[in-house]
Amino acid sequence: MTALRTLVVVLGDQLDRQSSAFDGFDPTCDAVWMAEVAEESSHVWSAKQRIALFLAAMRHFAAALRSDGIPLHYTRLDGPESATSLAAELRATIARLNPQRLVMRAPGDWRVYQSIRQVAADAGLTLEVREDRQFFGTVREFAAHAKGRKTLRLEYFYRELRQRHDVLMHEGKPIGGQWNFDAENRAAFGPHGPGALPPPPRFEPDAITREVIEFVDKRFADHPGTLARFAWPVTRAQALEALERFVSQRLPHFGRYQDAMWPGEPWLYHSLLSSSMNLGLLGAQEVVRAAEAAFHAGLAPLQSVEGFVRQILGWREYVRGIYWTRMPAYLELNELDAQEPLPDWYWTGATDMACLHDAITQTLAHGYAHHIQRLMVTGLYALMLGVQPKQVHAWYLAVYVDAVEWVELPNTLGMSQYADGGVMGSKPYIATGKYIERMGGQHCAGCRYDPALREGDSACPFTTLYWDFLLRHEARLVKNPRMALQVKNLARLDAAQRRAVTERAQALRTQPNQPR
Ligand SMILES: Cc1cc2nc3c(=O)[nH]c(=O)nc-3n(C[C@H](O)[C@H](O)[C@H](O)COP(=O)(O)OP(=O)(O)OC[C@H]3O[C@@H](n4cnc5c(N)ncnc54)[C@H](O)[C@@H]3O)c2cc1C
Ligand code: SF4
């Protein structure tokens, strides 16, 4: 038997046959290692949809490798020797196979990277970490961009990447004469709602996925959510179909309704592509190029395509840079010294606040909520309530099918909770219930609270907490020019009104909420 030259480590979010980890792969002397381990579903609490998606996608990828004749060492979670951690399983495999070196694509997760490095070092093996080609840029490029800047802002980084990669550019200038169309991307649906929406692609579970669903339902029975409606893409072919369906059916309206919400409508015009990209089934470049091609073919307006491109070429690359240049210290940040526990009903949706009930129940049913629901409903409430950022982070990492730490953490700790003190965004995103009323269609009409009220039993908790947040952080916020106007409005509140706000906010923190 030939000695094993290279053991290629493939993690659950690296399911890409074109990955740099396979460069120079020789099936006669190299092999692939993959492992399902309990630690990845339980080091943080993880919802059933998320566990099932990872396992189903990994098993489909493994089946494709085998049918291509790639030697594969794969440990199943339901197998006889299932390991408790990636490190333990990799150690055991190295001891058994005695490879000359390890090769892998740069991991997404800091914790996982440290543990694999440690295993390689303990075994005296070289670990070759190769660039992740599914992104436009590299972490090194981001670090170079960040160097010497007092503050980081998405906009400048995004412009640099558009120029460097020639995306929506013409003769060195942005197509349409401006870099972004934000102002045109904030429409709500109006009183009659979104009307008929293009249905999202559903991928009926095949035998492999059905087996995973059955297993997850049993082994992780007490984890949040349900699998009754599991329909996420689990193969590259399905992810490509989802991309094609999005570009042809929903991209034309994506930009305009990017921030809108509507009760009972989880998908609207969103792409639902984050999980496929984060698993490695799709690369950011092909997704952006497909959207750009739709614009050039006259199939989607510039404002929609630019809005979509900005999310991926802009935000997605930007948060990756922040994560990898700031970890591990980033995880510990708590700029506002928020110490409240996360309310229990975040895990069940049992709250009488209609917008939160809707966002959380859909999250538990599908493992999905779109960006504005995450930022301006669940995230906003936790921020203004004063929940400890690590607990908010644990929730977001658990409940979404696209949740992987490198993208979830900066979005949660930074963008949503302002726990990084302004690295991700220049100010805390805070708003009253009126914002949700404006963007959320009929949520408020069906709610027992009134978004216009700040005090009293019918006051919208968002509105009360908004004023309470300003009061609690007035000294800090007054120094932020982008918050000046909001802080100035505090002068409208007399002492009795301030006291009423503080007391009601405190009651919201101490009383369990009433289920709907
Ligand atoms: C508190 C919070 C937590 C989040 N956690 C995650 C997470 O764990 N994983 C994740 O992929 N996204 C996360 N996001 C970003 C964003 O909400 C999701 O990417 C998006 O909702 C996924 O749905 P979609 O594919 O339909 O996206 P679309 O609305 O169709 O957007 C297109 C794509 O742009 C990318 N994108 C959009 N916004 C962001 C962003 N802020 N940061 C990075 N990429 C972005 C995604 O890849 C997405 O698929 C989080 C946002 C917030 C506010
Ligand atoms: S009134 Fe307040 S709690 Fe109720 S749906 Fe509107 S914003 Fe949400």
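Order of appearance sets the numbers: ligands from 1, and atoms from 1 within every ligand. One-based numbering along the sequence shown. It should be emphasised that the depicted structure is a prediction, and the values quoted were computed from it without experimental measurement.
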Quiz item: Would a 4.5 Å heavy-atom cut-off, applied to side chains only, mark His357 and Cys447 as touching?
Solution: no
Self-check item: Residues Tyr449, Asp352; criterion side chain to side chain contact (heavy atoms under 4.5 Å, CB included); working and verdict
Solution: CA-CA 9 Å; Tyr449 298 109; Asp352 59 4; 3.0 Å; yes
Quiz prompt | Lys/Arg-Asp/Glu bridge criterion (N-O < 4.0 Å) met for Arg454, Asp468 | solution = no
Quiz prompt | Mutual orientation of the aromatic rings belonging to Tyr400 and Tyr396 [parallel < 30°, tilted 30-60°, perpendicular > 60°] | solution = parallel
Self-check item: Under 2.8 Å from atom 8 (Fe) of ligand 2 - protein N/O/S, by chain and number
Solution: Cys355 SG
Self-check item: Geometric class of the Phe308/Phe254 ring pair [parallel <30°, tilted 30-60°, perpendicular >60°]
Solution: perpendicular
Self-check item: Element-labelled atoms of ligand 1 that are located less than 4.0 Å from some non-hydrogen atom of Ser271
Solution: 24 (P), 25 (O), 26 (O), 27 (O), 28 (P), 30 (O), 32 (C), 49 (O)
Practice problem: Indicate, as side chain, backbone, both or neither, the part of Phe308 found under 4.0 angstrom from ligand 1 when only non-hydrogen atoms are considered. | Solution: side chain
Quiz item: Considering distance alone, does some N or O of Leu272 sit under 3.5 Å from an N or O of ligand 1?
Solution: yes
Quiz item: For ligand 1, which atoms, with element, lie under 4.0 Å from some heavy atom of Met277?
Solution: 47 (O), 49 (O)
Quiz item: Any N or O on Asn278 sitting closer than 3.5 Å to an N or O of ligand 1?
Solution: yes
Self-check item: Trp467 side chain reached by Asn489 side chain, heavy atoms, under 4.5 Å
Solution: yes
Quiz item: Among protein heavy atoms, which lies nearest atom 17 (O) of ligand 1, and at what distance?
Solution: His371 ND1, 2.9 Å
Self-check item: Side chains of Leu413 and Tyr330 in contact at under 4.5 Å (non-hydrogen atoms)
Solution: yes
Quiz item: Quick one: do Asp182 and Arg310 make a salt bridge, cutoff under 4.0 Å?
Solution: yes
Exercise. Give the ring-plane orientation class for Phe220 versus His223, where under 30° counts as parallel, over 60° as perpendicular and anything between as tilted.
Key: perpendicular
Quiz item: Considering only protein heavy atoms, which is closest to atom 12 (N) of ligand 1, and at what distance to one decimal place?
Solution: Val407 CG2, 3.6 Å
Quiz item: How about Gln114 and Arg111: does a side-chain donor come under 3.5 Å of a side-chain acceptor?
Solution: no
Self-check item: Among Asn411, Val287, Asp402, Val404, closest by any non-hydrogen atom to atom 14 (N) of ligand 1
Solution: Asn411
Quiz prompt | Side chain to side chain, Leu508 and Met384, heavy atoms closer than 4.5 Å | solution = no
Listing, residues 256-271 side-chain donor-acceptor contacts under 3.5 Å, not counting sequence neighbours, or none:
residue: Gln258; atom: OE1; partner: Asn185; partner atom: ND2; Å: 3.3
residue: Ser271; atom: OG; partner: Leu273; partner atom: N; Å: 3.2

Quiz item: What part of Phe246 sits under 4.0 Å from ligand 1 if we count only heavy atoms: the side chain, the backbone, both or neither?
Solution: neither
Quiz item: Strictly under 4.0 Å, does any heavy atom of Tyr396 approach an atom of ligand 1?
Solution: yes
Exercise. Taking atom CZ of Arg140 as the centre, report whether more than 12 heavy atoms of other residues, nucleotides or ligands fall under 6.0 Å from it.
Key: no
Quiz item: Are Gln49 and Trp232 close enough that a side-chain donor and a side-chain acceptor fall under 3.5 Å?
Solution: yes
Practice problem: For atom 45 (C) of ligand 1, grab the closest protein heavy atom and report residue, atom and distance to one decimal in Å. | Solution: Gln311 O, 3.6 Å
Quiz item: Should the proximity of Met415 to ligand 1, defined as any heavy atom under 4.0 Å, be assigned to the side chain, the backbone, both, or neither?
Solution: side chain
Self-check item: Of Trp110, Phe135, Tyr323, the residue whose pairing with Trp406 passes ring pair (Phe, Tyr, Trp, His ring centres under 6.0 Å)
Solution: Phe135
Quiz prompt | Mode of Thr378 contact toward ligand 1 - side chain, backbone, both, neither (heavy atoms, under 4.0 Å) | solution = neither
Quiz item: Phe157 vs Tyr318 aromatic rings, parallel, tilted or perpendicular, using cut-offs 30° and 60°?
Solution: tilted
Exercise. Check whether any side-chain heavy atom of Ile322 sits under 4.5 Å from a side-chain heavy atom of Met424, and report yes or no.
Key: yes
Quiz item: Nearest protein heavy-atom contact for atom 39 (C) of ligand 1: which residue, which atom, what distance?
Solution: Trp315 CB, 3.9 Å
Exercise. Have a look at ligand 1 and work out which part of Glu408, if any, has a heavy atom under 4.0 Å from it: side chain, backbone, both or neither.
Key: both
Quiz item: Which ligand 1 atoms, with their elements, are less than 4.0 angstrom from a heavy-atom of Phe254?
Solution: 28 (P), 29 (O), 30 (O)
Quiz prompt | Proximal candidate to atom 46 (C) of ligand 1 [heavy atom criterion; set Ser274, Ala284, Ala369, Pro266] | solution = Ser274
Exercise. Please identify which atoms of ligand 1 are closer than 4.0 Å to at least one heavy atom of Ile312.
Key: 33 (C), 34 (O), 35 (C)
Quiz prompt | Ligand-side contact atoms (ligand 1) for residue partner His370, heavy atom cut-off under 4.0 Å | solution = 21 (O)
Quiz item: Should Tyr318 be listed as contacting ligand 1, given a heavy-atom distance under 4.0 Å as the test?
Solution: no
Quiz item: In terms of residue, atom name and distance, what is the protein heavy atom nearest to atom 5 (N) of ligand 1?
Solution: Arg374 NH1, 3.5 Å
Quiz item: Looking only at N/O atoms, are His270 and ligand 1 under 3.5 Å apart anywhere?
Solution: yes
